[in-house]
Amino acid sequence: MNNNTDMIMDWGDIIESDGQEFVILEEGDYNFTVTDFERGRFPGSAKIPACNKAALTLQVKTADGKIATVKFDLILYRSLEWRISSFFRCIGQKKHDERLVMDWTKVVGARGRARFKPRSYTNRDGEERQVNDVDKFYDWDEKFFPVNEEWTELSDTDDLPFN
């Protein structure tokens, strides 16, 4: 859980941040990192009673270096257990048909891969808006997460320093 007391500002503090641009992802597959997790309550709906939820924040770095933030909830309800399982498989903490006690302490910092797509909605002022949505989690596959993420492949061996 996040303790944001270091974020509190005083009346005379210096400000400089203009905020981060909100990036809408094109529909597609992206790697992500879980940057935040908060325990919360789902208020209930016509199909699901009030229950616990995990409010997660994912960060996606696009090919052009922009950072997209995706917030989504995992509702802790048995008919949605498949989605929770797919998330834990995605971050490498669970395998198919395996029983698992959910370890939320290992979620922040975890990485995975998912299909994201924009979702449209109408805000309180009647304006049409878009947010990033998780369409599908993919099972953990280490090939998408090289040990050194800065590594790039040279296309011409003449560029090697030892030739």
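Just the heavy atoms: all of them, side chains too, but no hydrogens, waters or symmetry mates, feed the values below. Residues: numbered from 1 along the sequence shown.
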Exercise for the section: Quick one: closest heavy-atom pair of Ala50 and Pro43, and the distance? Expected result: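 Shortest heavy-atom separation between Ala50 and Pro43 comes out as CB-O, 3.7 Å.
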Do [X] and [Y] belong to the same hydrophobic cluster, where Ile, Leu, Val, Met, Phe, Trp and Tyr are linked whenever their side-chain heavy atoms lie under 4.5 Å apart, directly or via other members?
{"X": "Leu25", "Y": "Val34", "answer": "yes"}
{"X": "Phe72", "Y": "Phe37", "answer": "yes"}
{"X": "Tyr138", "Y": "Leu100", "answer": "no"}
{"X": "Phe137", "Y": "Val108", "answer": "yes"}

Exercise for the section: Given side-chain contact (heavy atoms from CB on, under 4.5 Å), test Asp135 with Phe116 step by step and report yes or no. Expected result: CA-CA 5 Å; Asp135 187 44; Phe116 293 89; over 6 Å; no
Handout entry: side-chain contact (heavy atoms from CB on, under 4.5 Å) between Asn132 and Phe22, intermediate numbers included
Key = CA-CA 10 Å; Asn132 296 308; Phe22 187 75; 4.3 Å; yes
Handout entry: Nearest-0.5 Å distance, CD of residue Gln93 to CH2 of residue Trp140
Key =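 Going from the CD atom of Gln93 to the CH2 atom of Trp140 covers 10.5 Å.
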Handout entry: Distance, nearest 0.5 Å, that separates CG of Leu80 from CZ of Arg83
Key =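 With rounding to 0.5 Å, CG (Leu80) is 9.0 Å from CZ (Arg83).
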Exercise for the section: Decide, yes or no, whether a salt bridge links Glu27 with Arg115 under the criterion of side-chain N to carboxylate O below 4.0 Å. Expected result: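 Yes, Glu27 and Arg115 are salt-bridged.
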Exercise for the section: Assign the ring pair Trp104 / Phe87 to parallel, tilted or perpendicular, where the plane angle (0 to 90°) is split at 30° and 60°. Expected result: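 Geometry flag for Phe87 against Trp104: parallel rings.
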Keeping the roles fixed (side chain from [X], backbone from [Y]), state whether a donor-acceptor pair exists under 3.5 Å.
{"X": "Glu38", "Y": "Thr57", "answer": "no"}
{"X": "Asp141", "Y": "Lys143", "answer": "yes"}
{"X": "Thr122", "Y": "Gly126", "answer": "no"}

Exercise for the section: Kindly indicate, with the supporting measurements, whether the criterion side-chain contact (heavy atoms from CB on, under 4.5 Å) is fulfilled by Leu76 and Met102. Expected result: CA-CA 11 Å; Leu76 279 64; Met102 298 175 287; 4.2 Å; yes
Would you check if [X] and [Y] make a side-chain contact, meaning some heavy-atom pair closer than 4.5 Å?
{"X": "Val70", "Y": "Asp133", "answer": "no"}
{"X": "Tyr77", "Y": "Lys53", "answer": "no"}
{"X": "Phe32", "Y": "Ile91", "answer": "yes"}
{"X": "Phe42", "Y": "Asp73", "answer": "no"}
{"X": "Ile24", "Y": "Pro118", "answer": "yes"}
{"X": "Trp11", "Y": "Asp13", "answer": "no"}
{"X": "Asn52", "Y": "Arg39", "answer": "no"}
{"X": "Leu74", "Y": "Leu56", "answer": "yes"}

Problem - Residue Glu128 excluded, over 12 heavy atoms near CD under 6.0 Å - result: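 Result for CD/Glu128: enclosed.
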Exercise for the section: May I ask you to check whether Phe144 and Tyr30 place their ring centres under 6.0 Å from each other? Expected result: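 They do not qualify: ring centres at least 6.0 Å apart.
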Practice task
With sequence neighbours excluded, tell me which residues meet salt bridge (charged side-chain N to carboxylate O under 4.0 Å, His left out) with Arg129.
Solution key: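 For Arg129 the salt bridge (charged side-chain N to carboxylate O under 4.0 Å, His left out) partners, ignoring immediate neighbours, are Glu127.
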Practice task
Not counting sequence neighbours, list each pair that qualifies as a salt bridge (Lys or Arg N to Asp or Glu O under 4.0 Å) and has a residue in residues 87-101.
Solution key: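 Salt bridge (Lys or Arg N to Asp or Glu O under 4.0 Å) check on residues 87-101 returns Arg89-Asp139.
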Problem - Option among Asn31, Thr69, Val134, Asp36 that satisfies the side-chain contact (heavy atoms from CB on, under 4.5 Å) test with Leu58 - result: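 Going through the options one by one, the only one that passes is Val134.
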